Amino acid sequence: MIEGLDRTPLTRDFFDRPVLDVAPDLLGRTLVRDTADGPIELRLTEVEAYAGEIDPGSHAFRGRTGRNSVMYGPPGHAYVYFTYGMWHCLNLVCGPEGMASGVLLRAGEIRLGAELSRKRRFSARNDRELAKGPARLATALDIDKALNGTDAIAHPGASLSVLHGTPPPSDQVRNGPRTGVGGDGALHPWRFWIDGDPTVSPYRPHAPRRRAT
DNA sequence: TGTATGATGGGCT
DNA sequence: GCCCATCATACAT
């Protein structure tokens with residue numbers, strides 16, 4: 001157990017708010033992943049908001065598809081997608097049903113179960129890199145598409161849940177453009193992080209793929 | 001600590 | 001057929 005943490009679970013109501021309210025409010029919260037080998041806990045240090053069909057950066061921008069259908073469902077569920085042929089990323093659905101908005105969990109500090117994470121993240125050079133980036137976070141917590149649609153509101157047998165944790169003082173919360181988001185979606189400063197935290201991932205602007213020769 | 005580049009496959013126009 | 005909410009590696013500094 002971790003000393004000094006508020007272990008009260010976040011409720012459905014926490015996520016049933018506008019995504020731009022929820023996203024910064026998730027910083028400092030404790031993400032709990034119950035794996036077959038034991039629990040892993042992480043303190044969230046970096047997130048990004050994706051505002052449904054009005055947001056050019058969102059998977060829901062072009063409407064409902066098979067992949068993004070979970071985003072249209074109730075808040076507090078996990079939307080997990082597969083990208084770049086190799087990686088998974090974890091979002092938490094926000095707002096009322098039908099809004100299709102969510103928060104991408106981009107980085108965090110492993111506070112419990114680091115030995116389990118190190119086995120999956122064997123290439124990490126130090127513990128700060130275990131969950132420094134959204135695909136690293138998913139790998140560190142053994143999250144893949146099997147968890148897509150999972151209810152992350154605490155309940156018996158939950159494989160994923162979020163606790164109240166220790167939110168940072170508001171003057172330590174920063175925001176800026178989202179990483180790797182291009183086009184009009186790059187205009188929105190909807191990435192939120194804890195200032196100075198060593199587990200926050202480096203910002204990278206959108207870089208279009210160049211065709212192989 | 002930083003930059004360049006290849007990997008790798010599902011989703012969608 | 002192009003795009004992608006990315007990362008590991010190699011190499012320079």
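Residue numbers start from 1 in every chain, and the chains themselves are labelled A, B, ... in the order their sequence lines are given, proteins ahead of strands. Heavy atoms only: backbone and side chains are in, while hydrogens, waters and symmetry mates are out. Since the model is a prediction, treat every value here as computed from it, not as a measurement.
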Rounded to the nearest Å, what distance is computed from the [atom1] atom of residue [X] to the [atom2] atom of nucleotide [N]?
| X | N | atom1 | atom2 | answer |
| --- | --- | --- | --- | --- |
| R128(A) | dT1(B) | CZ | C1' | 11 Å |
| F61(A) | dA5(C) | CZ | P | 13 Å |
| R136(A) | dT6(C) | CZ | P | 11 Å |
| I143(A) | dC7(C) | CD1 | P | 14 Å |
| R121(A) | dT6(C) | CZ | P | 14 Å |
| H88(A) | dC7(C) | NE2 | C1' | 14 Å |
| L130(A) | dC7(C) | CG | C1' | 14 Å |
| K132(A) | dA8(C) | NZ | C1' | 15 Å |

Legend entry - Residue whose closest nucleotide on DNA chain C lies nearer the 5' end, G133(A) versus H206(A):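 The answer here is H206(A).
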Inset, instruction - Please tell me which of E48(A) and S123(A) maps to the more 5' nucleotide of DNA chain C, matching each residue to the nucleotide holding its nearest heavy atom. - result: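 That would be E48(A).
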Select base, sugar-phosphate, or nothing to describe what [X] touches, counting heavy atoms under 4.0 Å on all strands.
| X | value |
| --- | --- |
| R204(A) | nothing |
| G57(A) | base |
| R191(A) | nothing |

Legend entry - Trace of the ring-ring contact (aromatic ring centres under 6.0 Å, His included) decision for H59(A) with Y81(A): CA-CA 10 Å; H59(A) 287 175; Y81(A) 66 89; 4.5 Å; yes
Inset, instruction - Determine whether the side chains of D6(A) and T8(A) contain a donor N or O and an acceptor N or O closer than 3.5 Å. - result: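 Yes, side-chain donor-acceptor contact under 3.5 Å.
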Inset, instruction - Using only side-chain N and O atoms of R106(A), determine if any of them is under 4.0 Å from OP1 or OP2 of dT6(C). - result: yes
Legend entry - From N175(A), L104(A), L27(A), N91(A), residue fulfilling side-chain contact (heavy atoms from CB on, under 4.5 Å) relative to V47(A):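 Testing V47(A) for a side-chain contact (heavy atoms from CB on, under 4.5 Å) against N175(A), L104(A), L27(A), N91(A) leaves exactly one candidate, L27(A).
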Legend entry - Backbone N/O of G95(A) and side chain of R17(A): donor-acceptor pair under 3.5 Å: no
Inset, instruction - Give a yes or no on whether the backbone of L130(A) and the side-chain of R121(A) come within a donor-acceptor separation of less than 3.5 Å. - result: yes
Legend entry - Pairing string, 5' to 3', for DNA chain B - Watson-Crick or wobble contacts under 3.5 Å, brackets [ ] where pairs cross, | to another strand: |||||||.||||.
For [X], what residues pass the salt bridge (charged side-chain N to carboxylate O under 4.0 Å, His left out) criterion, not counting sequence neighbours?
| X | result |
| --- | --- |
| E46(A) | R106(A), R191(A) |
| E129(A) | R125(A) |
| R174(A) | D195(A) |

Legend entry - Where at least one partner belongs to residues 59-85 of chain A, residue pairs that pass salt bridge (charged side-chain N to carboxylate O under 4.0 Å, His left out), sequence neighbours excluded: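 Output for this query is empty, none listed.
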Inset, instruction - Treat primed atoms plus P, OP1 and OP2 as sugar-phosphate and everything else as base, then score nucleotides 8-13 of chain B 5' to 3': B for base contact with protein heavy atoms under 4.0 Å, S for sugar-phosphate contact only, - for none. - result: BBSSSS
